[in-house]
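Below you'll find the structure, written out as structure tokens, and then a few comments.
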Protein chains: 4
Amino acid sequence: MPKVRIGVAGLGRIGRVHAEIILTRLENAELVAVADVVESLARSVGEKYRVKWYTNFDAMLKDPEVDAVFITTPTNLHKEMIVKAAEAGKHVFTEKPITVTVEEAREAVRAAEKAGVKLMVGYMRRFDDAYSAAKARIARGEIGEPLVFINIARDPGPPPGWAQDPRLSGGIFLDMLSHDFDMARFLVGREVKEVYVKGEAALYDEIRQKGDLDLVTISFTFEGKGYGLIHGSRKSVFGYDLRTEVLGTEGTVYVGSQVDPNLAVGTKQGLSYRGVQWFWSRFYDAYVREDEAFVSSILKDEEPPITGVDGLRVVEIAEACWKSWREGRPVTVERSA
Amino acid sequence: MPKVRIGVAGLGRIGRVHAEIILTRLENAELVAVADVVESLARSVGEKYRVKWYTNFDAMLKDPEVDAVFITTPTNLHKEMIVKAAEAGKHVFTEKPITVTVEEAREAVRAAEKAGVKLMVGYMRRFDDAYSAAKARIARGEIGEPLVFINIARDPGPPPGWAQDPRLSGGIFLDMLSHDFDMARFLVGREVKEVYVKGEAALYDEIRQKGDLDLVTISFTFEGKGYGLIHGSRKSVFGYDLRTEVLGTEGTVYVGSQVDPNLAVGTKQGLSYRGVQWFWSRFYDAYVREDEAFVSSILKDEEPPITGVDGLRVVEIAEACWKSWREGRPVTVERSA
Amino acid sequence: MPKVRIGVAGLGRIGRVHAEIILTRLENAELVAVADVVESLARSVGEKYRVKWYTNFDAMLKDPEVDAVFITTPTNLHKEMIVKAAEAGKHVFTEKPITVTVEEAREAVRAAEKAGVKLMVGYMRRFDDAYSAAKARIARGEIGEPLVFINIARDPGPPPGWAQDPRLSGGIFLDMLSHDFDMARFLVGREVKEVYVKGEAALYDEIRQKGDLDLVTISFTFEGKGYGLIHGSRKSVFGYDLRTEVLGTEGTVYVGSQVDPNLAVGTKQGLSYRGVQWFWSRFYDAYVREDEAFVSSILKDEEPPITGVDGLRVVEIAEACWKSWREGRPVTVERSA
Amino acid sequence: MPKVRIGVAGLGRIGRVHAEIILTRLENAELVAVADVVESLARSVGEKYRVKWYTNFDAMLKDPEVDAVFITTPTNLHKEMIVKAAEAGKHVFTEKPITVTVEEAREAVRAAEKAGVKLMVGYMRRFDDAYSAAKARIARGEIGEPLVFINIARDPGPPPGWAQDPRLSGGIFLDMLSHDFDMARFLVGREVKEVYVKGEAALYDEIRQKGDLDLVTISFTFEGKGYGLIHGSRKSVFGYDLRTEVLGTEGTVYVGSQVDPNLAVGTKQGLSYRGVQWFWSRFYDAYVREDEAFVSSILKDEEPPITGVDGLRVVEIAEACWKSWREGRPVTVERSA
């Protein structure tokens, strides 16, 4: 079987994780190039893995040895890079969220469609062992008809770097909670219809100053049937606290856990456990399977498991969330054609 | 120390539990009488415990050996019984909720105030070992300032008997979820301000036919600061699933668990656990401490730990929930004077 | 159906628990008398429950209204009381262990056989919801053939009162770990063959001074097939830590848990849980079912579920444990005829 | 800082894991060569990572660009390879156990000492986040003085390939349970003194035919003070079941868990969880830290955290276990000078 030759653009942490996975874990892919505007970073990764390195994305797109690109840059750059890559005939994997605005997302989707390239968005939780098993068990009917989706998502701290600026990241509903809305759509299998949002920047001054929120609650409904509750916080002092559950007519599925069961110390004060580490170790295998799925969709010429339209849908929801928050009332999600 | 002499009126399951606790567990109380309109029931309990038995509540109220009464009848009977007992000079413990309507609750509260008798409402979760420890740790500042209250409450099945009729029980917001709103007020220490409700009778035909709901989600705010999410379901096929959490600026408190850790069986299919049994065994010790607290408030002439006004507050919230559900919009809780 | 009329002899905590259960929970039994050599205790319990009270066991045995007795006195008194009760034609429930020595146990068993009365020994764990479900699932073959039994038993503190004296209690192997050997026999269904014991009084001076041990490890074998490990400690600073597991050819059963899942507090130091309380609340329902089973065996004239011979078997094992400990070598359990 | 240039010899799964880690995760090391007697394997790994590849270990040892070697071949080959590498002046990391016999282990240790090269043995659990935190908390005195070590180790299946032959692997006490004895020494900080072993090949015909055991229980003592229990099984049908605990005078440390908390499905049959996967995902980060520690010991010219003598000690214990098993009696571990 031929191998998909991949270039990774954007060598922050998540970019380096994808590069490492492509190099060491994928049977049917080859890491051939990396790119970053910071030359020292591009060079050091390129030399370490003995692949070509670029400081210019356009140059990488001209490389005929590159079949597909991973876009792992700040969100505000995604739209232009997706469009360019599509126009250059490269298949595109973009980190989530697809873009900052609905309009951008539609443009990105159209560009990929027009060029006939694959476009996949990186909501890696779908490939997590627990979440994907949850999906499979719901699909097999083990809990009957899904009725209620609940998601509690608490990050151990504020987002790093550029993601603190909602103009670059889309803010909490897109940068953080789009994972949770993607999971709602994935597990329940219906679109989100109406959202009602409460929230504020209650935890960090810098987040308030930049116009983002760090603490929100969302009540929402699904089209057709069913309800949802999402809570997001940018603070959880003991670790990463991510839990999801779906109640069905015949059972309940629970994913996630706030406690690491692997160490307990019992003293006069009781039993002390540790929290769960952030998503890097939790979701490493999910990233591997996600990258495999992207490569497989290219080799088999199939639709990627998370399409550009999937990416668009959660941007639509995030925009409705901002509107509900600003106007203090329930808002119906507007669906693009 | 003198003993409080108690009569229990209403000998359904919860009434018999209180009678048993008063007889066997309370140092400073004496079970002297029981009452039920069903004569065979009143007689059998009275003879078993060798105490007086009545089929008429008024007759029990005339008994000079009765210092205090427990009202453990259907909710729609509470108001009249509380008023009568107060007028007879008896201290009153009433099972939750205090009454079906706000108007009735205010009348009951006024009657007790006028008569100068104690009036306590039985939200026993406050005396549960885990919930009361959670309260103490929040009060000590262990999680900083409480910001978000989340409560997931799933009963293993529909309510039994009279509680299926919302005219007698007040419906899901009062019969079931008033526990959760009481806990929100107790743990966070602020009043509930605005509620937004979604829900339906999705699980049981009989509940829909009687005009009640069996599946709801509620987004709400606290006065001053903070948000809440409550989900209630009258169905949880594997057991009683009640979990509460409070996120504060410096930590999170979790109460409850959906799994019984005491038995696991690992086979090729994985590890199978059991759910948690319904509240009788979970909360037995809480009922004991609750009854002790009522007796203590009488002997020390102190305000009971859960007052008639506490009972009134959650009836107000429940009325706002019904209004939000009917009108499909966020509703502000109207507070009685 | 007639009721079994019961007298409880020995009104320490466990005696009062049995009295309370007989009074409030058993359909087919009636508490008719209590006895204790401490007059004030006998009187206060008798008056509270409005039953006859004795300070003399012989007098209670002469009471024609007493069909059966519960013996809940220190272990060293069991043998004589069982024999007397049997000779008086009373059915006997004795708290565990049956007696201090094998010889005494044999005498007690013979007396009951000769008199044709029921004799049951109170290893209440067999009636615990989790342990009995474990037994049922093993019996149904869910884990294949049982091969390894492991039991970790840690009490929160040293035994109270008379149980600190091994001449009265039989010491750690009988007073504490006979529960675990009873469970080994119950769950695996085979007799214990050889024991190898290590241990000392490592935790408490008073235990060492009285000649008992407080920390032991035991490796043992079952007759026919299978191995066991037991560890007992009289100290577990955060709570009662009792866990049992059975590995079979096709699975594993786990009973017990060291952590109470009902409360967690997450702060910068991690997540803190509480231990499990001692056995009173854990096993209350087991005591109820145990007492029901004894009453039922009388009414149906069947063999009690835990016979005098079951009681004898664990005394034999405990004697072998002491011998192995003294001689520092593996010892075969000598089985009485 | 200079980098340690490493060659990995033996490209089975564990060898490839080390190669991948050296390539992608270590700051101060460089993967320069790989070796395997199977040419196609050596070539494919070498080409994938663009490093030199050998089919002959001696040739790799002559490579002046190789500063250190990882020996990840079957155990029976370790001794000769360690000695050769030491004589060639290469630092040596060897997978556990160090060798099959005590005599071989002593020879390997002497060769490294004589050559003045580092020799480290790969008991990676010491670098696991939970085990190393347990060690740190014991060392800080959080549980007082350690008194009892208990380890339950159940593999999901029999060992693969060559490890099924006890002549190549050393059998269950060395191939599997030497991890547990290493952990006993590590956590408690004392040497193992006496072992008493029971066991058989109860689970797999092929293991019995090759003269190994698959089900054992071990009771042992520490020098100075303290007791231990180890149980090992080559079968655990639902997953990898590894749990360790240390009871001290003031508390208890628990490491490991048999259940994966990340997914639960509640249906009428109860709640079903999954077991924990085998050690690859559980211990990947531990392998990273282990390899870092080896590289660091070279760069800082310090003693490796797990020395050849540490490796020797557990071979001594394993030999005593075999002797106890054969002779059916407690055996004292003979310590080499």
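Residue numbering restarts at 1 for every chain, and letters A, B, ... go by the order of the sequence lines.
- Using a 4.5 Å cut-off between heavy atoms, C/Asp129 touches chain B through backbone and side chain atoms alike.
- A salt bridge does not link B/Asp155 to B/Lys235: none of the charged nitrogens lies less than 4.0 Å from a carboxylate oxygen.
- With a 4.5 angstrom heavy-atom cutoff, C/Glu30 touches chain B only via side-chain atoms.
- Interface summary for chain B: among C/Ser272, C/Gly248, C/Gly144, C/Ala130, the most heavy-atom pairs under 4.5 angstrom belong to C/Ala130.
- For chain B, the option among C/Ile138, C/Thr24, C/Val255, C/Leu271 with the highest count of heavy-atom pairs below 4.5 Å is C/Thr24.
- For C/Arg50, the parts lying under 4.5 angstrom from a heavy atom of chain B are both the backbone and the side chain.
- One finds a salt bridge joining B/Arg126 and B/Asp182 here, because a Lys/Arg side-chain nitrogen approaches an Asp/Glu carboxylate oxygen to under 4.0 Å.
- Taken to the nearest 0.5 Å, the CD atom of C/Glu245 stands 7.0 Å off from the CD1 atom of C/Ile152.
- Within the 4.5 Å cutoff, the side chain of B/Ile230 has heavy atoms near those of the B/Phe149 side chain.
- The shortest distance between side-chain heavy atoms of B/Phe186 and B/Arg125 does not fall below 4.5 Å.
- C/Leu31 touches chain B through its backbone: at least one of N, CA, C or O sits under 4.5 Å from a heavy atom, while the side chain does not.
- One finds no salt bridge joining B/Glu20 and B/Arg25 here, because no Lys/Arg side-chain nitrogen approaches an Asp/Glu carboxylate oxygen to under 4.0 Å.
- The pair B/Glu250-B/Arg137 does not count as a salt bridge, with every side-chain nitrogen at least 4.0 angstrom from each carboxylate oxygen.
- For C/Tyr131, no part sits under 4.5 Å from any heavy atom of chain B, backbone or side chain.
- Looking at C/Asn262 and B/Tyr254, their side chains never bring a donor and an acceptor atom within 3.5 Å of each other.
- For a residue to count as touching a neighbouring chain, one of its non-hydrogen atoms must lie under 4.5 Å from one of that chain's; by this rule C/Arg16 does not touch chain B.
- Interface remark: B/Arg274 contributes side-chain atoms only to the contact with chain C (heavy atom separation under 4.5 Å).
- Ranked by heavy-atom pairs shorter than 4.5 Å toward chain C, the options B/Val265, B/Ile143, B/Leu242 are led by B/Val265.
- Across C/Thr267, C/Thr252, C/Asp260, C/Val246, the residue that shares the most heavy-atom pairs under 4.5 angstrom with chain B is C/Thr252.
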